[in-house]
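Lettering of chains follows the sequences in order, A, B, ..., and the numbering in each one begins at 1. This is a predicted model, so every value here is computed, not measured.
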There are 2 protein chains.
Amino acid sequence: MLPTTDRGRLSRERIVASAAAVVAEKGALGASLDEVGARATASRSQIYHYFDDKSDLLRAVAEATSDAVLDGQRVLFAELGTWVGLVRWTDALVSLQVERGAAGGCPIANLLGQLGERDDDIRVVLSAGFDRWEDHIRDGLAAMVAGGELRPESDVAWLAASTLASLQGGLVLSQARRDPQALRRALDGALALIASHRTAVETA
Amino acid sequence: MLPTTDRGRLSRERIVASAAAVVAEKGALGASLDEVGARATASRSQIYHYFDDKSDLLRAVAEATSDAVLDGQRVLFAELGTWVGLVRWTDALVSLQVERGAAGGCPIANLLGQLGERDDDIRVVLSAGFDRWEDHIRDGLAAMVAGGELRPESDVAWLAASTLASLQGGLVLSQARRDPQALRRALDGALALIASHRTAVETA
DNA sequence: ATATGACTGGACTGTCAAGTCCACTTCGGG
DNA sequence: CCCGAAGTGGACTTGACAGTCCAGTCATAT
């Protein structure tokens, strides 16, 4: 079931990547294995060679999608330890939403909505993705506390959870309205809450 | 296409209600017209008597769902004009999520994720639902300003948008984690932001 | 009472996707 | 060189679903 040769490994990866793309376009239920195979230049029996069934493939897609979303922010995450870096992170997220024409929200949340109630394994994978995301934010805030930018008594775990929620909700609203400003306003709310815990009062 | 008799009106309503239930359970794509008909004690030709096709029915479901979600909060909305009422509203939302075992997020957001990118009419209907929701929050905050509970210069439109985003994001995270506390933390963030605009400092 | 049109039921068709099967190719080790 | 396993391709089966069609029922207005 797991590929033992390089050739097989590449085949499997091609299939997962194609599946992720098709799922992003057509939704999980709307994604046919025929189309996945066509894009990966692989036939359906290859898919069943590496995966038990469609659900198994979708689990792999969920993992790949989580990784992709987090990887896309790796550079930004590194900057989260300062107020300036935090603001830059929000700016980058809004810019991304502008580029996409405010279409399509968070890929992780999309999969959750489509599969979360149907397949508990997938729900757990996506939940872990959110956890990692929140951890990065919390680590950044903790670094701001350590660096003296935030007051020591700040509850960074709560602030991180609340910030990720603002981000997710902002994405939902901007997708609904096709308006990136909805995300901007949501993130400004999160920033304002964090700002209320800053030490120096050198304007936000 | 639109029913002209009472009997037809009831049939149509039964169909929409059943469709909304099936869609909530199985998702929009997973909902078959056979099952909708079976639950509504109506055959498929009845469905096609009132709706052009499945998309047309789903549009009606989107409207019904928006109305149902907003209606379910009508009593709470009336209380939003005071800090106490605002807190009660958040408590009720968290309680609801506890009752549901933190399963299934916001029905409007779920439909958006499944159909928003596929059918623009539906996206607009759901977006309007969010608008009405945000309007109720904004009106409540404006009443708090008028009542002297919030400082006059408070940007209630922004606070309302940010609060709805926290709510939506909190629902996403609580659904992913099967943990209503994620919603609690998100809403506490929104409350803290609003609290920072209060006049009297009589503890939050 | 009956004709008209709204309303209803169920059978039928075409399409499309999941999953199975088997024959074939590639490639590395003996 | 050749054997066996890993990897590959495509045809086939089965089932489910959207959408159509037509024959029949119900309510009511005259």
- Under 4.0 angstrom between B:Tyr50 side-chain N/O and C:dT8 OP1 or OP2: yes
- Query: What's the spacing between B:Leu173 CG and A:Ser127 OG if we round to 0.5 Å?
  - Reply: 8.5 Å
- Note on the structure: Quick note, B:Lys54 side chain, CB onward, closest among D:dA18, D:dG7, C:dT8 is D:dA18
- Message: From CG of A:Asp56 over to P of C:dA18, roughly how many Å is that when rounded to an integer?
- Response: 14 Å
- Message: Classify B:Ala40 by what it touches in the nucleic acid, base, sugar-phosphate, or nothing, heavy-atom distance under 4.0 Å.
- Response: nothing
- Item | Touch class at under 4.0 angstrom, heavy-atom based, for B:Phe51 against every strand present | nothing
- Query: Could you state the CG-P distance from B:Leu29 to D:dC17, rounded to the nearest angstrom?
  - Reply: 12 Å
- In whole angstrom, give the distance that lies between atom CZ of B:Arg9 and atom P of D:dC26. 21 Å
- Task: Return the value, rounded to whole Å, for the distance between atom OH of A:Tyr48 and atom P of C:dT20.
- Result: 7 Å
- Task: For B:Thr90 and B:Arg184, run side chain to side chain donor-acceptor pair (under 3.5 Å): C-alpha distance rounded to whole Å, both residues' side-chain angles, the deciding distance at 0.1 Å, then the answer.
- Result: CA-CA 8 Å; B:Thr90 65; B:Arg184 181 71 270 175; 3.1 Å; yes
- Quick one: which of C:dG19, D:dT8, D:dG19 gets closest to the side chain of B:Arg44? D:dG19
- Task: Output the single nucleotide from D:dC17, D:dG10, C:dC27 whose closest atom is nearest the side chain of A:Arg7.
- Result: C:dC27
- Message: To check you understand the geometry: which heavy-atom pair defines the closest contact between A:Ile122 and A:Ala62, and what is its length?
- Response: CG2-CB, 4.0 Å
- Query: Out of D:dT8, C:dA18, D:dA18, which has the shortest distance to the side chain of A:Leu33?
  - Reply: C:dA18
- Query: Taking NZ, NE, NH1 and NH2 as the nitrogens, is one of them in A:Asp56 or A:Arg59 under 4.0 Å from a carboxylate oxygen of the other?
  - Reply: yes
- Query: Quick one: B:Asp34 CG to C:dG10 P, roughly how many Å, whole number?
  - Reply: 12 Å
- Which nucleotide in D:dC21, D:dG19, C:dC7 has an atom nearest any side-chain atom of B:Ser45: D:dC21
- CG of A:Leu167 to CG of A:Leu171: how many Å apart, nearest 0.5 Å? 5.0 Å
- Provide, to the nearest angstrom, the distance between the CD atom belonging to B:Glu13 and the P atom belonging to C:dC7. 13 Å
- Starting from P on C:dC7, measure out to CD1 on B:Ile15 and report it in whole angstrom. 11 Å
- Run the salt-bridge test on A:Asp119 and A:Arg123 with the 4.0 Å N-O cut-off and return the result as yes or no. no
- Could you state the CG-P distance from A:Asp52 to C:dT20, rounded to the nearest angstrom? 10 Å
- Message: Do B:Phe77 and B:Asp139 have side chains that approach each other closer than 4.5 Å (heavy atoms only, starting at C-beta)?
- Response: no
- Which ones in residues 110-121 of chain A lie close to DNA chain C, meaning a heavy atom under 4.0 Å from one of its atoms? none
